[in-house]
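Reading through the structure tokens given below for one structure.
We're numbering straight along the sequence, starting at 1. Reckoned from all heavy atoms, side chains included, excluding hydrogens, waters and symmetry mates. One-based numbering, in listed order, for ligands and for the atoms of each.
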Amino acid sequence: MTYKIAIIVGSLREGSINRKVARSICALRDDNLDCSMIEIGDLPLYNQDLDSNPPEQWVRFRQQVAAADGVLFCSPEYNRGIPGVLKNAIDVGSRPYGQSVFDKKPAAIVTASPGSIGGFGANHQIRQTGVFLNMPMMQQPEAYLGHVTDDSFDSDGKLKEGPLKELVKVLAHAFHDWVDMIHRSRAALAEDAAHAAQQAAKAKEHA
Ligand SMILES: Cc1cc2nc3c(=O)[nH]c(=O)nc-3n(C[C@H](O)[C@H](O)[C@H](O)COP(=O)(O)O)c2cc1C
């Protein structure tokens with residue numbers, strides 16, 4: 001099965017290493033992951049007063065995420081936490097209350113940094129919001145990608161051969177399988193429920 005994946009990158013930087021890692025994940029599974037980068041740099045800051053008349057950029061962002069089967073967050077860590085631009089996008093997508101476009105979407109989090117702890121702090125802050133947003137979050141492999149620099153990529157922005165590319169390959173496969181498992185399980189449960197309802201209706205007819 002091919003799944004539509006919304007990629008949300010927590011960096012606006014042109015040469016972002018996180019954007020390049022995101023592209024690499026898609027390229028490694030382009031047979032089964034149909035990825036779109038969702039831009040977040042133009043989103044006006046979330047303001048609850050605007051919920052009744054939302055800016056067009058919020059509407060566009062919400063539609064793009066809603067259309068996806070899964071979400072991949074690829075983000076740097078800023079000051080041991082989640083970059084403000086990403087938190088703003090998450091807040092925009094989560095509202096109005098009860099209409100979050102993230103609800104029930106399977107997701108994964110990847111953080112990459114030139115530093116040695118690979119954005120662990122940001123990774124877990126995103127994970128924390130994912131709990132409230134009711135996003136089934138891939139648990140393993142964890143992806144705190146440390147020592148990632150421009151030198152990790154070739155001139156086309158693709159990951160060079162080596163342990164990082166191998167890890168990203170494993171990640172890309174695990175993410176596809178995670179999204180697949182969630183969607184198949186939901187379909188099977190819906191089928192079971194429909195079958196049970198049919199049986200109950202038949203039993204009532206013959207009662
Ligand atoms: C405001 C700011 C805060 C940063 N804080 C951290 C940090 O807490 N941990 C870390 O590993 N790197 C930190 N960095 C360095 C980033 O990891 C590095 O700039 C990285 O390349 C940013 O990701 P990007 O290439 O995807 O834009 C920080 C960078 C900036 C600009």
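Salt bridge annotation for D103-K105: absent, with no cationic side-chain nitrogen under 4.0 angstrom from a carboxylate oxygen. With respect to E166 and K169, a salt bridge is recorded, a charged nitrogen being found less than 4.0 Å from a carboxylate O.
Heavy-atom neighbours of R186 CZ from other residues, nucleotides or ligands within 6.0 Å: above the threshold of 12.
For the pair D180/N32, no side-chain contact is recorded, criterion being any heavy-atom separation below 4.5 Å from C-beta on.
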Result block: side-chain N/O donor-acceptor pairs under 3.5 angstrom for residues 64-75, not counting sequence neighbours:
unit_1: Q64; atom_1: OE1; unit_2: R60; atom_2: NH1; d: 2.8
unit_1: D69; atom_1: OD2; unit_2: K4; atom_2: N; d: 2.7

* Between Y144 and E142, is a side-chain hydrogen bond (donor to acceptor under 3.5 Å, both in side chains) present by the stated rule, with each step listed? -> CA-CA 6 Å; Y144 320 115; E142 294 165 281; 2.6 Å; yes
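Contact shell of ligand 1 (protein heavy atoms, cutoff 4.0 Å): S11, R13, S16, I17, N18, P76, E77, Y78, N79, R80, S113, P114.
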